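Below is one structure, written out as C-alpha cells; the observations come after it.
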Amino acid sequence: ETYFVTYLARLLLSMPGDEQAKRREILSFMERWTEPLPLRDIPGFKAEHERFHHGPNYLLFSRDFAIQIARRLAMEVMAGRAPLLALRRFCFALFAEHARKDGKRIIVNKTPSYIEILPLLRELFPAAKVIHCVRDGRGVAASVLARPWGPETPEMA
C-alpha cells in the first residue's frame, strides 16, 4: 500500500549529510515500489464484490508520474531542502493526483506501519486527523483466513 511514506521518512531522517546516498536510494526504492503500478490500470483488476476501493491495487497515479515526483524529491534532497518539507511536497503530489483521478477531496489511509511514525506524520501533515480503530479479534482472524498469505487454521489466526 503506501508504506513508501514510512520507508522514505526513515531514510531521509536516518542518513544525515549523505544526500547522494539518499538520492540513489530514493530513486532505486521508487523504481522497485512502482513496478506493479501499470498492472493496477487493467480494467476489472478489482473484483466486483469489492465495494470500497483500497489497498495496493487501487493507486490511481501512474508509474511515470510517481517516478517524476520521486526525481523531484531526490533533487530537493540534493539541493539541501529540509527533508520533511521535501517529503511533504512529495506525498501531497502523489496523494493529490490519486484524489484528483478518483474525484475525491479527502484521502483516508490505513497503512498499519504508520503507527510507528505518528509523531513524524503529525509534523508532515499537521492538519491530518488520526483515527484509532480497534477491531474485534474474531473479525481479524476471519479476514486473514480468507487471504492467500493468511494462516491455515482458525487457531493459527
Side-chain angles (χ1 to χ4, degrees), residues 1-43 45-46 50 52-135 140 143-144 147-151 156-157:
E1 182 164 346
T2 54
Y3 73 92
F4 68 86
V5 176
T6 307
Y7 181 84
L8 291 175
R10 288 184 175 141
L11 169 72
L12 291 174
L13 298 175
S14 70
M15 301 167 68
D18 196 352
E19 276 66 29
Q20 190 69 308
K22 288 178 191 177
R23 180 190 157 282
R24 280 192 307 271
E25 181 55 25
I26 289 167
L27 296 175
S28 173
F29 173 76
M30 287 306 287
E31 283 286 339
R32 292 186 312 271
W33 186 82
T34 59
E35 198 170 307
L37 282 177
L39 299 176
R40 296 172 179 160
D41 290 335
I42 297 171
F45 195 70
K46 304 245 342 142
E50 291 184 277
F52 298 104
H53 301 293
H54 60 278
N57 300 326
Y58 193 68
L59 291 171
L60 297 180
F61 48 80
S62 69
R63 183 176 197 213
D64 289 342
F65 181 80
I67 295 298
Q68 173 189 350
I69 300 304
R71 286 186 182 130
R72 186 175 78 190
L73 170 63
M75 288 185 343
E76 289 184 12
V77 167
M78 288 298 294
R81 178 166 242 162
L84 288 181
L85 180 58
L87 184 60
R88 178 184 300 144
R89 288 172 40 87
F90 170 80
C91 291
F92 275 138
L94 289 179
F95 293 150
E97 177 68 0
H98 175 88
R100 183 188 68 77
K101 286 188 164 208
D102 202 26
K104 303 283 170 58
R105 295 181 316 120
I106 296 173
I107 295 285
V108 175
N109 193 300
K110 59 182 181 81
T111 302
S113 64
Y114 284 176
I115 192 74
E116 299 168 9
I117 61 165
L118 278 177
L120 176 62
L121 289 174
R122 179 63 63 204
E123 287 184 58
L124 278 173
F125 310 109
K129 305 285 187 229
V130 175
I131 302 169
H132 178 214
C133 298
V134 178
R135 193 167 168 201
V140 173
S143 178
V144 298
R147 306 279 184 213
W149 46 260
M156 292 172 68

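Everything numeric in this text was worked out from a predicted model, so none of it was measured. Values below: every heavy atom of this structure, side chains too, minus hydrogens, waters and symmetry copies.
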> Can you check whether Ser62 reaches Glu97 side chain to side chain, under 4.5 Å on heavy atoms?
Replying inline: no

>> Under a 3.5 Å distance rule, please check whether Lys104 uses its side chain to pair with a backbone N or O of Ala99 as donor and acceptor.
In response: no

> Between Pro83 and Leu13, what is the shortest heavy-atom contact and its length?
Replying inline: CB-CD2, 4.4 Å

> Looking at Glu76 and Arg88, does any basic side-chain N land under 4.0 Å from a carboxylate oxygen?
Replying inline: no

> Parallel, tilted or perpendicular: which describes the rings of Phe4 and Phe61, with under 30° parallel and over 60° perpendicular?
Replying inline: perpendicular

>> What I'd like to find out is whether the side chain of Glu31 reaches to under 4.5 Å of the side chain of Arg63, using heavy atoms alone.
In response: yes

> How long is the span from the CZ atom in Phe90 to the CG atom in Leu84, to the nearest 0.5 Å?
Replying inline: 14.0 Å

> Between OH of Tyr7 and CD1 of Ile117, what distance do you get to the nearest 0.5 Å?
Replying inline: 13.5 Å

> Heavy atoms, side chains only, cut-off 4.5 Å: are Met75 and Arg81 in contact?
Replying inline: no

> Is the closest basic N to carboxylate O distance between Arg32 and Glu25 below 4.0 Å?
Replying inline: yes

> Taking only residues two or more places apart in sequence, or in another chain, which ones meet Met78 in a side chain to side chain contact (heavy atoms under 4.5 Å, CB included)?
Replying inline: Glu19, Gln20, Arg23

>> If I take atom CG from residue Leu118 and atom CG from residue Leu124, how far apart are they, to the nearest 0.5 angstrom?
In response: 11.5 Å

>> For the residue pair Arg10 / Thr6, report whether a side-chain donor-acceptor contact shorter than 3.5 Å exists.
In response: no

> Do Leu121 and Val5 come within less than 4.5 Å of each other through their side chains, counting heavy atoms only?
Replying inline: yes

> Hey, what do you get for CZ (Phe92) to CZ (Phe125), rounding to the nearest 0.5 Å?
Replying inline: 5.5 Å

> Do any N or O atoms from the side chain of Ser28 and from the backbone of Arg24 form a donor-acceptor pair under 3.5 angstrom?
Replying inline: no

> More than 12 foreign heavy atoms under 6.0 Å from CZ of Arg105: is that the case here?
Replying inline: no

>> Using every non-hydrogen atom in the two residues, find where Ile26 and Ala74 come nearest and quote the distance to one decimal.
In response: CD1-CA, 4.2 Å

> Could you state the interatomic distance from SG (Cys91) to CG (Leu73), rounded to the nearest 0.5 Å?
Replying inline: 8.5 Å

> Distance from Arg89 atom CZ to Leu94 atom CG, nearest 0.5 Å?
Replying inline: 12.0 Å

> Can you find a pair of side-chain heavy atoms, one from Arg122 and one from Val130, that are under 4.5 Å apart?
Replying inline: yes

> Is there a side-chain contact between Asp64 and Ile67, using heavy atoms and a 4.5 Å cut-off?
Replying inline: no

>> Contact between Phe29 and Leu11 at the side-chain level, heavy atoms closer than 4.5 Å - yes or no?
In response: no

